[in-house]
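Shown next, in structure tokens, is the structure this report addresses.
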Amino acid sequence: MADSYANLSAYMSLPNADMLGENPYFFQNKDLEFYSSARAILLSIALDFQRTSPQKKLPTLHIPEFFCPALFDFLEKYFTLKKYAVNLDLASMPEIKISEEEYVLAVNYFGLFDKKSWENFSKQNPKAILIEDHSHAPFSEAALNSKAQYSFASLRKVLPLPSGAYLKTNKRRLRKLFRQGSKTLDDFESVALASLVEKKFFLESANFDAKKIFQSFERAEEILSSKPPRLRISEFSLSLAKNFRADLAAEMRFKNFKAFAEMCAKFECLPFKIFNQKTLEFPYSARDIFYPVLMFEDLKSRNLYRQKLKDLGAEPPIYWSILDAASMPCKALSESLLCIPLDYRFSEKFSSNLAKKMCP
């Protein structure tokens, strides 16, 4: 793991030493299990069904059409997928019909999550087994106090971890083994950390080849999905997570988001709107801010500003480019949204200046 530690050191150029320290408010939660990835959690849920069900058919999973396209092929190996259309605001409840005991994936998009509506959905559909994905707001009140049968979040989107996701469930007993790290992920972590380093250079340089990031990421995911599957988080990532101030990282995301939004508010006739701006208004106790997600009028404008952001040193991911989108909302979202990853590596000043350079 020597190379892994060297790669981690190269990736974690932290703004201050306070980012390292015990994280008491999250990892001491005794109700959580820790996995290598969100994929591993969904796979474990499918395997639980197979072990307990007398039927040999795959479990049914209702999944939003607006979701990471790379996961559809993976999930089809373990579930019978039924895609449901989302609404354009991504917060109001979709229409989902449940005919028997079936799984339903509810996604907390960018911190926009109607917790009460999903709780009412569960009451009205007692055969539905609710799985909540809080990867965009893993430390929010909605995530940590979820009443769903399963609630999970990938930690790799907001923390510098090569592997890591948590699961909270009231569907079965806590698996104590999944409170511990695994020693079997060295090969995966070396490749994953190399990918993180490449991503760091890509974010800092407009000339870095993005294809290298995706190639490294794909190699790492292939290792993670190999047989037998690597379900548990590694000792290395769990130790790092326990000693990384996720609370400070969340606070910095909030401050950067706010600085970006306040600068944008000074301009008129913007070519975009901040899609998830209302998350800035949530009470502090319930807040876990994602990054600013911009909505443009069309694909051409979105792509133009994506290139502009790359030139300014902030490589923005797109959520999500779905080529065969069936519903109008999904197609519109996939062609108009752009995320700016203003995380703990960036300052409020950088965030404000970035917004100023983007505005006309």
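In this chain, numbering begins with 1 at the start of the sequence shown.
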Heavy-atom distance under 4.5 Å between the side chains of [X] and [Y], does that happen here?
{"X": "Ser336", "Y": "Met295", "answer": "yes"}
{"X": "Phe272", "Y": "Leu338", "answer": "no"}
{"X": "His62", "Y": "Ile98", "answer": "yes"}
{"X": "Phe72", "Y": "Ile63", "answer": "yes"}
{"X": "Asp133", "Y": "Phe113", "answer": "no"}
{"X": "Leu304", "Y": "Ser301", "answer": "no"}
{"X": "Phe152", "Y": "Lys168", "answer": "no"}
{"X": "Thr279", "Y": "Leu112", "answer": "yes"}

Minimum-distance pair of heavy atoms, taken over all atoms of [X] and [Y]:
{"X": "Val86", "Y": "Pro64", "answer": "CG1-CB, 3.8 Å"}
{"X": "Leu342", "Y": "Tyr291", "answer": "N-CD2, 3.5 Å"}
{"X": "Ala165", "Y": "Ile41", "answer": "CB-CD1, 3.8 Å"}
{"X": "Ala137", "Y": "Ala143", "answer": "O-CB, 3.6 Å"}
{"X": "Pro138", "Y": "Tyr166", "answer": "O-OH, 2.6 Å"}
{"X": "Phe79", "Y": "Ala46", "answer": "CZ-CB, 3.6 Å"}

Could you check Arg302 against Leu299 for side-chain contact (heavy atoms from CB on, under 4.5 Å), going step by step and ending with a plain yes or no? CA-CA 5 Å; Arg302 196 274 306 276; Leu299 180 63; 3.0 Å; yes
Following the transitive rule for hydrophobic clusters with a side-chain heavy-atom cut-off under 4.5 Å over Ile, Leu, Val, Met, Phe, Trp and Tyr, establish whether [X] and [Y] coincide in one cluster.
{"X": "Tyr344", "Y": "Leu248", "answer": "yes"}
{"X": "Leu174", "Y": "Leu177", "answer": "no"}
{"X": "Leu58", "Y": "Tyr84", "answer": "no"}
{"X": "Leu280", "Y": "Leu354", "answer": "yes"}

Atom [atom1] of [X] and atom [atom2] of [Y]: how far apart are they, to the nearest 0.5 Å?
{"X": "Leu32", "Y": "Leu144", "atom1": "CG", "atom2": "CG", "value": "7.0 Å"}
{"X": "Tyr103", "Y": "Leu130", "atom1": "OH", "atom2": "CG", "value": "12.0 Å"}
{"X": "Ser140", "Y": "Ile289", "atom1": "OG", "atom2": "CD1", "value": "10.0 Å"}
{"X": "Asn353", "Y": "Met358", "atom1": "CG", "atom2": "CE", "value": "13.5 Å"}
{"X": "Glu65", "Y": "Lys331", "atom1": "CD", "atom2": "NZ", "value": "11.0 Å"}
{"X": "Leu270", "Y": "Cys264", "atom1": "CG", "atom2": "SG", "value": "6.0 Å"}

Stepwise side-chain contact (heavy atoms from CB on, under 4.5 Å) check, Asn125 with Val104: CA-CA 11 Å; Asn125 297 273; Val104 177; over 6 Å; no
Parallel, tilted or perpendicular, judged at 30° and 60°: which one describes the rings of Phe110 and Phe275? perpendicular
Consider only side-chain N and O atoms of Asn108 and His134, and report whether a donor and an acceptor are under 3.5 Å apart.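 Looking only at side-chain atoms, His134 and Asn108 do form a donor-acceptor pair, the distance falling under 3.5 Å.
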Full working for side-chain contact (heavy atoms from CB on, under 4.5 Å) between Leu167 and Phe178: CA-CA 10 Å; Leu167 171 67; Phe178 283 79; over 6 Å; no
With sequence neighbours excluded, tell me which residues meet side-chain hydrogen bond (donor to acceptor under 3.5 Å, both in side chains) with [X].
{"X": "Ser154", "value": "none"}
{"X": "Ser92", "value": "Asn87, Asp89"}
{"X": "Gln149", "value": "none"}
{"X": "Gln307", "value": "Asp311"}

Short question: side chain of Arg232, backbone of Phe34 - any donor-acceptor pair under 3.5 Å?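 Here the side-chain-to-backbone pair does not exist.
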Between Asn276 and Val293 (side chain of the first, backbone of the second, donor and acceptor by atom type, cut-off under 3.5 Å), is there such a pair?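 Yes, Asn276 side chain to Val293 backbone: donor-acceptor pair under 3.5 Å.
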Could you check Lys82, Lys97, Lys127 and say which one makes a salt bridge (Lys or Arg N to Asp or Glu O under 4.0 Å) with Glu102? Lys82
Residue list, salt bridge (charged side-chain N to carboxylate O under 4.0 Å, His left out) with Asp48, at least two apart or on another chain: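 Result, salt bridge (charged side-chain N to carboxylate O under 4.0 Å, His left out) vs Asp48: Arg51, Arg172, Arg175.
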Examine His136 together with Phe290 and report whether their ring centres are nearer than 6.0 Å.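 His136 vs Phe290: aromatic centres under 6.0 Å.
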Given the side-chain rings of Phe66 and Tyr109, with only the six-membered ring counted for Trp, is the space between their centroids under 6.0 Å?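 Ring-ring flag for Phe66/Tyr109: true, centres closer than 6.0 Å.
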Applying side-chain hydrogen bond (donor to acceptor under 3.5 Å, both in side chains), which residue pairs with at least one partner in residues 111-124 are found, sequence neighbours left out?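 Residue pairs passing side-chain hydrogen bond (donor to acceptor under 3.5 Å, both in side chains), neighbours aside: Asp114-Ser117, Lys115-Glu141.
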For Leu42 and Tyr78: C-alpha separation, side-chain torsions, deciding distance, then whether side-chain contact (heavy atoms from CB on, under 4.5 Å) applies. CA-CA 9 Å; Leu42 292 168; Tyr78 308 103; over 6 Å; no
Counting heavy atoms not belonging to Lys308, are there more than 12 under 6.0 Å from its NZ? yes
Under 6.0 Å from the CD atom of Glu297, do we count more than 12 heavy atoms belonging to anything else shown? no
Do Glu251 and Lys255 meet the salt-bridge criterion of a basic N to acidic O distance under 4.0 Å? yes
